[in-house]
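The next block holds one structure in the form of structure tokens; read it before the comments.
Model, not experiment: these values are computed from the prediction. By convention in this document, chain letters (A, B, ...) are assigned in the order of the sequence lines, proteins followed by strands, and residues within each chain are numbered from 1.
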Amino acid sequence: MEKKVRVRFAPSPTGGLHMGGVRTALFNYLFAKKHNGDFILRIEDTDQTRFVEGAEDYIINALKWCGIEPNEGVGFGDGPHKPYRQSERKELGIYKKYTDRLIESGHAYYAFDTSEELDEMRKRLEAAKVTAPQYNAITRQNMRNSLTLPEDEVKKLLESNAPYVVRLKVPRNEDIRFNDIIRGWVTVNSSQVDDKVLLKSDGMPTYHLAHIVDDIEMQISHAVRGEEWLPSAPAHILIYRYLGLENEMPKLAHLPLILNPDGNGKISKREARFPVFPLSWKDPREAEPFVGYKESGYYSAAFINILALLGWNPGDNKEIMSLEEMCSLFEFERVSKSGAKFDPEKAKWFNQQYLRHKTDEELANEFKPTLIAKGITKDDNFILNFCKLVKEKVQFTHEFWEQGKYVFEAPITYDEKVIAKKWNDSSKDLFAKLADVFKGINDWNSTTLHDEFAKAQTSIGKLDMQLLRVLVTGVGGGPQLFDMLALIGKENTISRLESALAKL
RNA sequence: GGCCCGUUCGUCUAGGGGUUAGGACGCGUCCCUUUCACGGACGAAACACGGGUUCGAUUCCCGUACGGGCUACCA
């Protein structure tokens with residue numbers, strides 16, 4: 001019988017969770033939901049030197065905003081495998097137990113080398129033109145460890161509390177094969193794997209050991225993580241094997257990376273000209289915060305949708321999908337192997353799609369706070385009509401203002417290009433006459449305006465519509481003109497027209 | 001440098017031994033429109049290269065090139 005699907009997202013609290021991390025969490029979530037499994041949040045805080053205040057809360061809040069909430073783990077309620085913070089698990093002696101097992105079976109050993117000694121070794125190897133300097137089956141013979149030191153000296157060192165690490169004893173030359181769900185069979189020779197540190201001198205486990213112990217104890221069925229972990233996977237296989245747990249180890253799935261749009265490499269928060277964090281992130285060590293997707297006006301559903309299609313697709317041409325749809329459609333077989341360059345333009349388009357699916361009421365409610373903040377009071381119906389008119393021009397709610405502020409405020413400047421092109425000697429006279437026509441309109445609505453304008457064309461002469469638009473709104477583009485004028489109102493329209501004519 | 005992974009329009013991707021190589025973003029043209037959009041139609045645009053295997057390869061295999069990842073007592 002197949003194991004129950006249990007997956008985990010296991011970030012380290014070393015900073016804000018960026019979009020690559022969110023996507024990893026998302027794929028875990030989708031896979032879990034697809035198979036009625038569990039999705040767990042585990043905090044991998046084994047590096048005390050890199051701990052960043054606020055990072056853990058950020059991770060939790062980001063997952064909440066995205067709507068991909070773990071059903072077990074830090075910030076989401078304890079489950080049967082608590083605690084879910086590795087620093088706390090360490091206090092319970094969980095990891096020590098496993099390293100002891102490894103040492104007893106001869107698959108791990110104590111190493112007493114100082115960082116200076118390690119540096120020296122690397123320099124020595126580099127000088128000798130060794131292509132990959134590493135602590136391994138060969139070099140360990142010249143280092144200070146329980147394999148080279150006499151037994152009683154090791155004992156003495158241990159008893160005297162001399163600092164030590166525990167390293168994995170990786171065989172010199174042995175092919176390690178594993179089947180990745182996304183990539184298929186991968187083979188690496190153990191000569192390429194170094195004797196990984198399992199237990200650090202501060203007593204903390206490294207990622208390599210800790211995630212294995214926890215995945216086993218938490219009964220994780222699939223380890224889904226970024227491609228950057230692929231090179232260390234062979235070492236992980238070895239650890240499972242030496243623990244006698246190879247048959248119980250989770251299946252591995254290494255996700256392709258999200259790459260920079262231009263240039264190359266992983267997305268870097270500093271160089272990106274688009275948001276890289278779901279929520280704004282203020283690193284306590286830095287002066288400036290990074291603006292998030294949320295604060296940039298993205299809907300979380302759109303954000304998640306964008307991320308899902310970076311490296312995965314449902315196989316038909318469907319692009320706009322709810323989280324629920326994605327859950328039912330998701331499978332690793334349809335995850336691509338190659339990295340995906342992020343396209344900020346398409347991301348905006350996604351948000352626009354979601355915006356268009358909103359009702360006018362919803363949009364009006366989203367836009368209202370902007371008006372309130374500007375001290376503008378308009379009744380709900382007016383705002384609703386405004387949104388109805390302007391929505392086809394915007395990709396984000398905050399663009400309503402930029403795109404349509406002239407509905408609320410009279411223009412100060414007039415589009416110079418349009419004026420230069422279309423304003424001529426007779427314009428002033430023509431539009432003054434049009435203003436008179438407008439004054440005579442009692443039923444001020446779009447249809448009437450359209451009809452009266454058409455009539456005016458024959459009685460007054462050729463009137464340029466775009467010019468009229470510029471005179472009233474200041475800009476050359478915008479929603480349907482007569483709808484706009486109807487919204488702006490008779491008095492405002494006429495007074496704006498007249499003040500424009502006075503200025504030009 | 002070494003090791004690992006990858007490579008279909010500019011980008012995200014579908015496809016897969018015989019296809020006019022499909023869709024989406026972006027771009028362009030046209031239609032609608034007395035303005036501006038939306039919308040619609042159309043268009044330009046890709047199988048990295050070289051060898052095999054095969055009747056036939058973009059698809060399978062091998063090289064090369066290119067890209068990415070890793071190369072810590074970081075995850």
Side-chain angles (χ1 to χ4, degrees), chain A residues 10-14 44-47 49-50 86 111 113-115 118 122 126 129-135 163-167 180 182-184 186-189 191-194 196-208 210-211 225-234 254 256-257 259 261-262 264-266 306 309-320 334 336-350 352 356 389-393 403 418 422 450 453-454 457 462-470 473 475-484:
Chain A
S12 59
T14 53
E44 311 225 324
D45 54 350
T46 52
D47 187 349
T49 63
R50 295 208 310 156
Q86 289 182 331
D113 316 279
T114 63
S115 55
L118 291 171
R122 274 187 276 269
E126 271 162 35
K129 299 270 193 294
V130 172
T131 51
Q134 56 181 15
Y135 206 113
Y164 69 86
V165 300
V166 174
R167 283 181 183 269
D180 185 277
I182 293 169
R183 282 146 213 287
V186 177
T187 308
V188 181
N189 190 277
S191 62
Q192 302 303 323
V193 180
D194 65 342
K196 293 240 176 307
V197 170
L198 302 177
L199 206 63
K200 299 187 265 190
S201 54
D202 62 1
M204 278 286 188
T206 59
Y207 166 83
H208 303 294
H211 93 275
R225 72 233 297 195
E227 191 186 354
E228 69 268 27
W229 294 108
L230 204 49
S232 54
H254 289 95
L257 266 15
L259 274 15
D262 34 70
N264 23 37
K266 291 196 278 193
I306 295 159
L309 289 178
L310 250 25
W312 172 77
N313 76 83
D316 50 19
N317 288 322
K318 204 164 168 50
E319 294 200 286
I320 305 298
R334 299 205 64 88
S336 58
K337 298 178 174 73
S338 48
K341 285 186 187 170
F342 177 68
D343 181 355
E345 290 307 311
K346 189 152 187 180
K348 291 179 190 167
W349 175 83
F350 267 101
Q352 185 178 34
R356 288 191 181 167
L389 221 51
V390 181
K391 71 173 177 184
E392 65 205 23
K393 312 230 9 148
Q403 287 294 326
V418 176
K422 299 189 164 170
H450 173 269
F453 185 80
Q457 295 273 41
K462 170 73 182 158
L463 291 154
D464 189 280
M465 268 183 93
Q466 196 183 17
L467 205 41
L468 172 59
R469 177 190 288 281
V470 172
T473 70
V475 295
Q480 215 290 334
L481 180 57
F482 298 118
D483 287 345
M484 288 271 309

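Counting non-hydrogen atoms under 4.0 angstrom, A:Q466 reaches the backbone sugars and phosphates but no base. Contacts of A:V186 with the nucleic acid, taken as non-hydrogen atoms under 4.0 Å apart, involve only primed sugar atoms and P, OP1 or OP2. Residue A:T14 is classed as having no contact, given no heavy-atom separation below 4.0 Å to the nucleic acid. Using a 4.0 Å heavy-atom cutoff across all strands shown, A:F350 reaches no nucleic acid atom at all. Residue contacts shown for A:R356 are limited to sugar-phosphate atoms, with no base heavy atom under 4.0 Å away. Contacts of A:L310 with the nucleic acid, taken as non-hydrogen atoms under 4.0 Å apart, involve only primed sugar atoms and P, OP1 or OP2. Within 4.0 Å of A:T49, counting heavy atoms only, lies no atom of the nucleic acid at all. Nucleic acid contact for A:Q134: none, since no nucleic acid atom lies under 4.0 Å from a heavy atom of the residue. Across all strands, A:L481 comes closer than 4.0 Å to base atoms (heavy-atom distances).
Taking atom CG of residue A:N317 and atom P of nucleotide B:rG22, one finds them 12 Å apart after rounding to whole Å. The distance between atom CZ of A:F482 and atom C1' of B:rC36, rounded to the nearest whole Å, is 12 Å. Summarising the geometry, the separation between CG on A:D194 and P on B:rC74 is reported as 12 Å, rounded to the nearest angstrom.
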